[in-house]
There are 2 protein chains.
Amino acid sequence: MDSLEEVNDFVKNGHQQYLPHISLDSVIFGYHDQHLKILLLKWKGMNGWGLPGGFIQRREPMSQAANRILQERTGLDQVFLQQFHIFGDSPYRLQEQSPQEFTKKYGHVVEDSWLFERTLGIGYFALVDYSKVSVQTDFFTDDHQWWDVLEIPTLLFDHNEVVQKALATLRLQIYHQPIGYNLLPEKFTLNEIHSLYETILGKELDIRNFAKKLVSLGIVKKLDERRAIGPHRSPYLYQFMKEAYENALKQGLVHTY
Amino acid sequence: MDSLEEVNDFVKNGHQQYLPHISLDSVIFGYHDQHLKILLLKWKGMNGWGLPGGFIQRREPMSQAANRILQERTGLDQVFLQQFHIFGDSPYRLQEQSPQEFTKKYGHVVEDSWLFERTLGIGYFALVDYSKVSVQTDFFTDDHQWWDVLEIPTLLFDHNEVVQKALATLRLQIYHQPIGYNLLPEKFTLNEIHSLYETILGKELDIRNFAKKLVSLGIVKKLDERRAIGPHRSPYLYQFMKEAYENALKQGLVHTY
DNA sequence: GCAAAAGTGTTGAGAATACACCCATGC
DNA sequence: GCATGGGTGTATTCTCAACACTTTTGC
């Protein structure tokens with residue numbers, strides 16, 4: 001959606017293609033340099049940041065819409081993607097938006113649009129390999145940036161609430177499901193997965209006990225390879241045991257870290 | 001909504017009052033006689049059972065809508081009520097409904113209605129005191145019944161999936177949150193809460209270990225009272241420690257049963 | 001006294017935690 | 001040789017799980 005014509009059509013007639021009153025909002029987590037980050041977009045004209053999102057096509061399964069939106073935005077496919085909450089209570093989710101606001105923001109006159117009506121937001125979160133993402137912006141957004149989860153600014157709409165809920169869900173989920181397959185490269189060092197878990201949980205984990213745990217759960221295995229890392233001892237590489245991992249995803253784990 | 005006029009108006013003009021494309025579906029759990037039960041309604045004309053549900057008013061917070069619908073249906077207020085999933089993938093959630101079908105079901109001619117459009121379902125589950133519920137039916141339903149969760153029949157729409165997901169969520173949640181405050185009378189015996197947990201989890205729990213656990217978590221306390229139960233030894237009564245309970249609700253627990 | 005349900009404690013195994021020193025590498 | 005990060009094992013504590021007999025009560 002780049003040309004003015006396309007945008008005009010979307011604003012005026014989008015409800016013929018998309019379900020009105022429902023948006024999908026994606027919290028895309030990436031992990032880089034021992035920091036857990038979230039992809040934010042800068043809204044044109046509003047001078048503020050918000051989550052990427054989109055709408056569900058009239059005859060498209062909801063989860064397919066979530067995948068499509070992620071794909072369009074990041075180029076990624078087949079990543080971990082999961083709904084976690086619906087947002088329909090905050091003041092922003094109650095009121096209609098005004099046409100004047102819209103015109104002011106985008107310098108674009110519109111009398112009426114399905115976009116101004118009340119919209120509930122379905123929150124999805126994704127875990128992606130930071131390095132593989134190539135972000136597309138569109139007419140409504142003109143910049144993107146990865147933000148450390150500890151330094152998220154005040155966001156547009158109710159998106160701070162959405163991010164907080166996503167984080168809380170991720171932290172809870174890590175007790176029941178293995179996490180990391182989509183956040184780490186295929187082969188990784190113990191330190192990398194260790195600080196990933198520390199980062200997500202926001203607390204320190206003894207690395208020796210942590211390694212024992214992961215291996216005893218059977219979801220990672222130590223390889224016979226090492227990675228050269230400059231002036232220091234070369235760390236061993238680890239890899240997820242795909243089968244055990246998938247199994248744990250489905251069955252759920254009960255344990256602590 | 002009883003008179004034909006009201007129903008007609010709802011079918012034709014309901015979208016002026018309610019958000020289209022979105023319904024709320026409630027899985028109402030009650031506990032009675034050592035069985036976990038779900039409240040189902042019998043759909044008029046369709047000869048099948050389904051979950052109670054409703055729609056969100058245009059300017060009503062979503063969670064308030066969920067409470068209102070529960071209140072209208074059961075007379076209950078201030079119970080545990082929580083969203084757990086949105087359903088938008090099953091074949092039933094993809095297609096529009098046909099006016100002919102509607103007419104056949106309700107013996108009622110309608111050309112077109114917002115009710116025929118594709119509708120996503122927001123699943124809520126409630127935990128209620130079985131004995132306090134007094135069920136209201138409406139134009140679309142003509143009977144109600146509590147069904148044992150182990151004996152749920154084939155339901156209308158995608159409601160079997162909704163029920164299964166609600167159960168799975170409840171079972172997962174019981175590892176992180178205390179449950180029972182809304183399902184049991186104020187004072188209860190150890191046996192009662194014990195079989196509640198056994199029922200929800202669908203497995204046996206050693207009653208001695210179970211009691212130790214609950215007390216050590218600090219969410220119930222043993223009272224100095226007993227209940228007379230006929231020809232047998234009188235059991236002690238227990239009570240939830242409201243503060244610790246609320247705390248555990250908010251903070252989450254990590255432990256096993 | 002007997003049938004039915006309630007009450008109660010201990011032990012062993014396994015898991016979680018805490019903790020510190022040596023190794024490899026490049027400069 | 002030294003600075004930096006990586007690697008490894010053991011002892012202690014705690015939690016979980018398993019298990020059976022005695023007490024109360026009304027008839």
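Here the structure is a predicted model, which is why all the values come from computation and not from measurement. Quick note on labels: first sequence line is chain A, next is B, and so on, each numbered from 1.
Each of B:Leu237 and B:Pro231 was matched to the nucleotide of DNA chain C holding its nearest heavy atom; the match closer to the 5' end belongs to B:Pro231.
For an aromatic pair to be called close, the ring centres must be under 6.0 Å apart, and B:Phe87 with B:Tyr92 fails this. Ring centroid separation for the pair A:His85 and B:His85 does not come in under the 6.0 Å cut-off. Annotation: B:Tyr257 is in aromatic contact with B:Tyr197 [ring centroid separation under 6.0 Å].
Remark: P of C:dA6 and CG of B:Leu223 are 17 Å apart, rounded to the nearest angstrom. Rounded to whole Å, atom P of C:dC21 lies 17 Å from atom CZ of A:Arg233. Between A:Asp206 atom CG and D:dT10 atom P there is a gap of 16 Å when expressed in whole angstrom units. Atom pair A:Arg226:CZ and D:dG6:C1' shows a separation of 8 Å (rounding to whole Å applied). Taking atom CD of A:Glu225 as the reference point, atom C1' of D:dG6 lies 17 Å away to the nearest angstrom. Spacing between atom CG of A:Leu190 and atom P of C:dC23 amounts to 19 Å, rounded to whole angstrom units. Atom NE2 in A:His232 sits roughly 5 Å away from atom P in D:dG5 (whole-Å rounding). Atom pair A:Ile229:CD1 and D:dG7:P shows a separation of 8 Å (rounding to whole Å applied).
The pair B:Lys242-B:Glu246 counts as a salt bridge, with a side-chain nitrogen and a carboxylate oxygen less than 4.0 angstrom apart.
Contacts of A:Lys212 with the nucleic acid, taken as non-hydrogen atoms under 4.0 Å apart, include base atoms. As judged by a 4.0 angstrom heavy-atom cut-off over every strand, B:Asn191 is placed among residues touching the sugar-phosphate backbone only.
The phosphate of D:dA17 (OP1 or OP2) has no side-chain N or O of B:Lys203 nearer than 4.0 angstrom. The shortest distance between the side-chain N/O atoms of A:Lys213 and the OP1/OP2 oxygens of C:dA15 is not below 4.0 Å.
Taking every side-chain heavy atom of B:Asn209 into account, D:dA18 is the closest of D:dG6, D:dA18, C:dA5.
A donor-acceptor contact under 3.5 Å links the side chain of B:Arg208 to the base of D:dA20.
Between A:Tyr245 and A:Phe240, the angle of the ring planes goes over 60°, which puts this pair in the perpendicular group of the 30/60° scheme.
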